[in-house]
Amino acid sequence: MPRRPAAPAILPARQALRIVTWNINSVRLRRPLLAELVRHLDPHVICLQETKCPDEHFPLEEIRAFGFPHVAHRGMKGYNGVAVLSRLPFAIRHDDPNWCAKNDCRHLGVELDVPGGPLELHDFYVPAGGDEPDPAANPKFAHKLDFLAEATAWMLGRGPARRSVMLGDLNVAPLEHDVWSHKALLKVVSHTPVEVAAMAAWMAAGQWHDAVRHFVPAEEKLYSWWSYRAKDWEAADRGRRLDHVWCSQDLAGALTRQHILKPARGWPQASDHVPVLVELAL
DNA sequence: ATGGTTGAAAATCAA
């Protein structure tokens with residue numbers, strides 16, 4: 001096995017910071033793929049969603065052994081769950097909102113210790129919203145819209161984001177070419193106009209910048225998720241871009257790279273989402 | 001075309 005020396009605890013001056021978001025769909029089942037992710041992308045920080053792991057069962061020591069001594073996790077039995085794995089020290093933010101008063105482990109905020117001062121980092125797992133895009137008929141869709149509205153109001157109240165990164169499985173594909181067929185998905189949860197508008201309002205509330213589309217023209221197809229239900233996900237290529245990385249305007253000039261690790265969808269026992277990397281020269 | 005697959009859990013439920 002190839003070996004690489006562990007990254008230093010402090011990010012060296014002028015080394016770009018690599019941050020990954022990944023809906024891992026069970027952190028316990030996919031621990032080996034986490035090591036594979038590290039081998040391919042060598043990130044300093046990994047933000048996970050859908051860990052599906054109560055805190056008392058989180059595989060902490062194994063993950064530390066992958067080279068991530070600093071770990072925060074917020075999990076529950078069966079569903080949801082987020083985690084931040086880091087080579088660099090961070091402080092957990094404890095006063096972020098309890099979204100929709102549900103205590104359902106969909107958000108973890110940290111202050112990352114990087115050169116030039118702390119970087120605020122928010123890891124989100126937005127409700128998927130069920131199948132029927134009607135909040136009156138489908139409580140899950142109502143929850144999704146409520147969640148998006150609360151997050152928007154919170155960010156409006158805080159003012160424009162500064163020195164911040166906002167990422168995660170946001171479960172909305174906002175642009176026409178964030179889905180395989182804009183027309184076919186207009187009434188499919190994740191791409192309905194009401195969700196797209198809600199996401200646009202959220203982005204505008206913090207004056208966030210799309211750090212991935214920064215590098216990829218809006219006219220180009222770009223996905224981070226492919227359904228398990230396709231016979232051949234790669235041949236059909238009916239994907240959606242549900243996973244996002246946003247940065248505050250003051251960091252837009254620091255963006256140096258994005259990478260969506262599409263081959264991860266073909267790994268054995270893959271998640272239906274693939275890791276998304278953004279690199280910032282802070 | 002309303003299917004199809006996966007994970008955690010043990011009823012199915014959520015995605």
Side-chain angles (χ1 to χ4, degrees), chain A residues 21-34 36-37 47-59 62-63 73-83 99-100 102-107 123-135 137-148 167-174 178-192 194-195 198-199 223-244 261-276:
Chain A
T21 177
W22 189 27
N23 179 321
I24 193 170
N25 188 14
S26 170
V27 69
R28 285 175 286 184
L29 190 69
R30 278 182 249 287
R31 277 172 291 185
L33 300 190
L34 205 44
E36 201 64 11
L37 183 164
C47 296
L48 301 175
Q49 305 87 35
E50 279 205 272
T51 54
K52 296 184 175 176
C53 183
D55 286 332
E56 61 270 28
H57 296 137
F58 195 88
E62 238 176 296
I63 281 171
H73 47 82
R74 190 167 285 164
M76 60 195 285
K77 188 171 153 185
Y79 315 102
N80 306 336
V82 285
W99 306 103
C100 303
K102 282 182 180 285
N103 295 306
D104 59 356
C105 305
R106 293 182 177 276
H107 176 210
D123 179 12
F124 271 93
Y125 175 50
V126 171
D131 288 330
E132 176 60 46
D134 174 1
N138 173 12
K140 290 181 199 166
F141 194 69
H143 177 215
K144 184 177 197 173
L145 296 183
D146 288 346
F147 189 103
L148 292 168
L167 54 73
D169 176 3
L170 306 186
N171 267 317
V172 179
D178 288 339
V179 295
W180 64 276
S181 167
H182 172 61
K183 196 177 169 186
L185 291 179
L186 274 170
K187 292 180 178 174
V188 173
V189 171
S190 73
H191 193 61
T192 64
V194 63
E195 292 168 87
M199 172 170 272
Y223 314 135
S224 65
W225 171 91
W226 291 261
S227 172
Y228 281 129
R229 296 176 187 178
K231 277 183 194 148
D232 182 337
W233 71 273
E234 197 167 19
D237 200 24
R238 293 183 166 187
R240 305 177 202 170
R241 189 170 71 110
L242 304 178
D243 304 275
H244 299 272
L261 194 61
K262 184 173 177 180
R265 185 61 181 80
W267 288 347
Q269 205 162 26
S271 170
D272 45 355
H273 296 252
V274 300
V276 178

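Within every chain, numbering begins at 1; the chains are lettered A, B, ... in the order of the sequence lines, protein sequences first and strands thereafter. Below, all heavy atoms of this structure are taken into account, side chains as well, without hydrogens, waters or symmetry copies.
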Closest nucleotide among [options] to the [X] side chain:
X: A/K140; options: B/dA9, B/dA15, B/dG7; answer: B/dA15
X: A/N25; options: B/dA14, B/dG4, B/dG7; answer: B/dG7
X: A/Y228; options: B/dA15, B/dA1, B/dT6; answer: B/dT6

Between A/E195 and A/S190, do the side chains contain an N or O donor and an N or O acceptor separated by less than 3.5 Å?
-> no
What integer distance in Å separates [X]:[atom1] from [N]:[atom2]?
X: A/H143; N: B/dA14; atom1: NE2; atom2: P; answer: 12 Å
X: A/R265; N: B/dT5; atom1: CZ; atom2: P; answer: 13 Å
X: A/N23; N: B/dG7; atom1: CG; atom2: C1'; answer: 11 Å
X: A/E132; N: B/dA15; atom1: CD; atom2: C1'; answer: 16 Å
X: A/R31; N: B/dA8; atom1: CZ; atom2: P; answer: 10 Å
X: A/H273; N: B/dG7; atom1: NE2; atom2: P; answer: 13 Å
X: A/D243; N: B/dA15; atom1: CG; atom2: C1'; answer: 13 Å
X: A/Y79; N: B/dG7; atom1: OH; atom2: C1'; answer: 10 Å

A/H273 backbone acceptor or donor facing A/S224 side chain under 3.5 Å | no
If we take the [atom1] atom in both [N] and [M], what is their distance in whole Å?
N: B/dA9; M: B/dA14; atom1: C1'; value: 11 Å
N: B/dA15; M: B/dT2; atom1: P; value: 24 Å
N: B/dA1; M: B/dT12; atom1: P; value: 31 Å

Rounded to the nearest 0.5 angstrom, the CZ-CZ distance for A/F147 and A/R106 is 6.5 Å
Scan A/R30 against the nucleic acid and name what it touches under 4.0 Å (heavy atoms): base, sugar-phosphate only, or nothing.
-> sugar-phosphate
Name the nucleic acid region contacted by A/K77, choosing base, sugar-phosphate or nothing; use a 4.0 angstrom heavy-atom cut-off, strictly under.
-> sugar-phosphate
So does A/D237 have more than 12 non-hydrogen atoms from other groups sitting under 6.0 Å from CG?
-> yes
Taking for each residue the nucleotide of DNA chain B bearing the nearest heavy atom, is the 5' side occupied by A/M76 or by A/R106?
-> A/M76
Pairwise 5' ranking along DNA chain B for A/D272 and A/S26, keeping only the more 5' one | A/S26
Of A/W225, A/W226, A/W180, the one forming a ring-ring contact (aromatic ring centres under 6.0 Å, His included) with A/W233 is A/W226
A/R28 (side chain) and B/dA8 (base): donor-acceptor pair under 3.5 Å = no
